[in-house]
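See structure below.
Keep in mind it's a predicted model, so treat the numbers as computed, not measured. Throughout, a chain's letter reflects where its sequence line sits, starting with A, and its residues are numbered from 1.
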Amino acid sequence: MKKPANILLTADGLSKRYGSGWIFRGVSFNARTGESLAITGPNGSGKSTLCEILAGVRRESAGALACTLDGEPLSAAQRRALVGFASPRLSLYGDLTAGETVSFVCTSLGAGEGHARDLCARMGLERHMGKPVRHFSSGMRQRLKIALALAHEPSVLLLDEPGMNLDAHGKEVLASIVHELLPSTLIIIATNEESEAGLCSGRVSLA
Amino acid sequence: MLRATRAHIRKDFTVEFRSRFAVSVAAAFAAITTLSVSLAAGGAPLAPLVHAILYWIIVFFSAMSGLAHIFTREEEEGTSLLLRLVAPPEAVFTAKLVFNCAMLFALAVIITPLYLFFLNVGLPGPGFLALAASGTFAIAASSTVLAAIVARAGGKAALFTVISFPVLLPVLWICISTTSTILLGADADVAGSALFLLAFSGALVAVSYMLFEHIWSEE
């Protein structure tokens, strides 16, 4: 297991709007390494958008998001490098095989491929690494996305609707991975599934 | 950064090699327009200036039909989020620039002999080849960031041509006037023109490189 990084994520009045309408307003929370947080809320409440803001790939409209590593503040780019993110909005390259996708993501992140390939095997994708991703079922794609999110052993794991399209075995593997990572990782899960929210110790509800 | 750029270049070429969409569309456009011009001319001799205008119009519109695809594909297929997560914006821009330059060079290699053969133009010297190379580089380098803007604005391919034209006007003007002089057999300042094109490209690439992070990031 990797050495835990002491991450503290602080959201203070985070708000997001598109045009004149607010998606969510005034979201505040603190979460640190070793903690887990479920983001819940009805469809359209902005769970996925909030996850993208936390991942550093989207900007907030108001409020502040601070992330520190051992007390040192991190920029959005530095935060992005520490985050593993799986989301239904994230699409994979259909023309690449699963193996090529793993290779592309790991090389881009500066991580070795061994850990990601082990995760793919654990997710039941070992026999499918040579297949183009466009031939994958939606469940297999979800398994690959989760493996890719964990490829660089992130300090912050953001999972948006992680159980979507997963079968019972996939959900079991996901739950065991979350339990294993929890001591050394800050885990945030956006979901409406009580079984997934139940994996987390804290909760933020978007009305 | 270098490692991410290399991975990204390899990925872009692999995806394009398997789908062949952008190259096929641009190459088909180039071949069809060259043949159409040849048939319309009907073997009649054209003035060097007309040859220069037709040649660069074909290069320009072939580029417009394919260059935006490298960014619009990422937005249309939803893969841009993955790129934002795993690669720094500078690596994305550099990789797309390399891909577009390679694609336009490949197109120029198709267009130039086709044009010379079907329009019955005598073989020009190395000066023309140097100008064609620097001209195609200038078009690809100047329009890569515009392709990103178009992709972020909803991927309207027609918009790409409209916003690229004023930016590329100095490039087309220099390319057409120098090509015309070369075809006339007069003493053309190819080195001066190539230098201008490379300087123009360098300035636009530098500005694009600085602006790209703001264009690429989500609001």
Side-chain angles (χ1 to χ4, degrees), chain A residues 16-19 23 48-49 51-61 75-97 99-113 116 132-134 141 144-145 148-149 151-152 154 158 160, chain B residues 1-24 69-96 98-99 148 151-155 209-210 212-219:
Chain A
K16 182 68 185 178
R17 75 171 169 206
Y18 287 119
I23 307 290
S48 299
T49 303
C51 282
E52 288 178 6
I53 292 170
L54 298 177
V57 292
R58 193 178 285 278
R59 282 194 288 264
E60 62 275 13
S61 305
S75 67
Q78 289 170 320
R79 184 171 80 240
R80 205 158 44 230
L82 295 174
V83 167
F85 183 41
S87 163
R89 290 184 181 174
L90 193 151
S91 297
L92 303 171
Y93 292 94
D95 287 314
L96 295 184
T97 65
E100 287 167 341
T101 306
V102 165
S103 187
F104 166 61
V105 169
C106 290
T107 310
S108 296
L109 291 168
E113 288 181 36
V133 172
R134 69 169 177 274
R141 283 179 201 223
L144 183 55
K145 283 186 207 177
L148 292 173
H152 59 305
L158 279 164
D160 183 9
Chain B
M1 218 306 260
L2 200 61
R3 195 176 42 226
T5 307
R6 272 204 310 265
H8 196 90
I9 291 171
R10 194 180 314 121
K11 182 268 297 172
D12 274 344
F13 277 93
T14 306
V15 170
E16 182 56 35
F17 180 75
R18 287 179 187 159
S19 66
R20 296 190 185 91
F21 181 85
V23 170
S24 304
H69 181 68
I70 193 74
F71 276 110
T72 53
R73 180 175 57 204
E74 304 282 5
E75 295 294 337
E76 284 168 2
E77 296 181 5
T79 47
S80 54
L81 179 57
L82 179 66
L83 285 189
R84 287 187 184 94
L85 281 167
V86 303
E90 298 81 8
V92 175
F93 178 74
T94 309
K96 303 294 190 200
V98 168
F99 180 87
R152 302 290 298 121
Y209 197 79
M210 288 188 285
F212 185 73
E213 185 174 358
H214 303 284
I215 296 165
W216 183 238
S217 63
E218 289 277 359
E219 277 305 315

Worksheet item: Out of curiosity, L83(B) CG to Y93(A) OH, how far, rounded to the nearest 0.5 Å?
Response: 3.5 Å

Worksheet, complete the sentence: Among T5(B), V86(B), L81(B), the residue with the most heavy-atom pairs under 4.5 Å to chain A is V86(B)

Worksheet item: At what distance, to the nearest 0.5 angstrom, does CG of L109(A) lie from CZ of R3(B)?
Response: 9.0 Å

Worksheet item: Once you round to the nearest 0.5 Å, how far does CZ of R10(B) lie from OG of S108(A)?
Response: 9.0 Å

Fill in: K11(B) side chain reached by L96(A) side chain, heavy atoms, under 4.5 Å
yes

Item to complete: Kindly compute the distance separating CG (L82(B)) from CG (L90(A)), expressed to the nearest 0.5 Å.
Response: 5.0 Å

Worksheet item: Checking R18(B) side chain against D95(A) main chain: does a donor-acceptor pair fall under 3.5 Å?
Response: yes

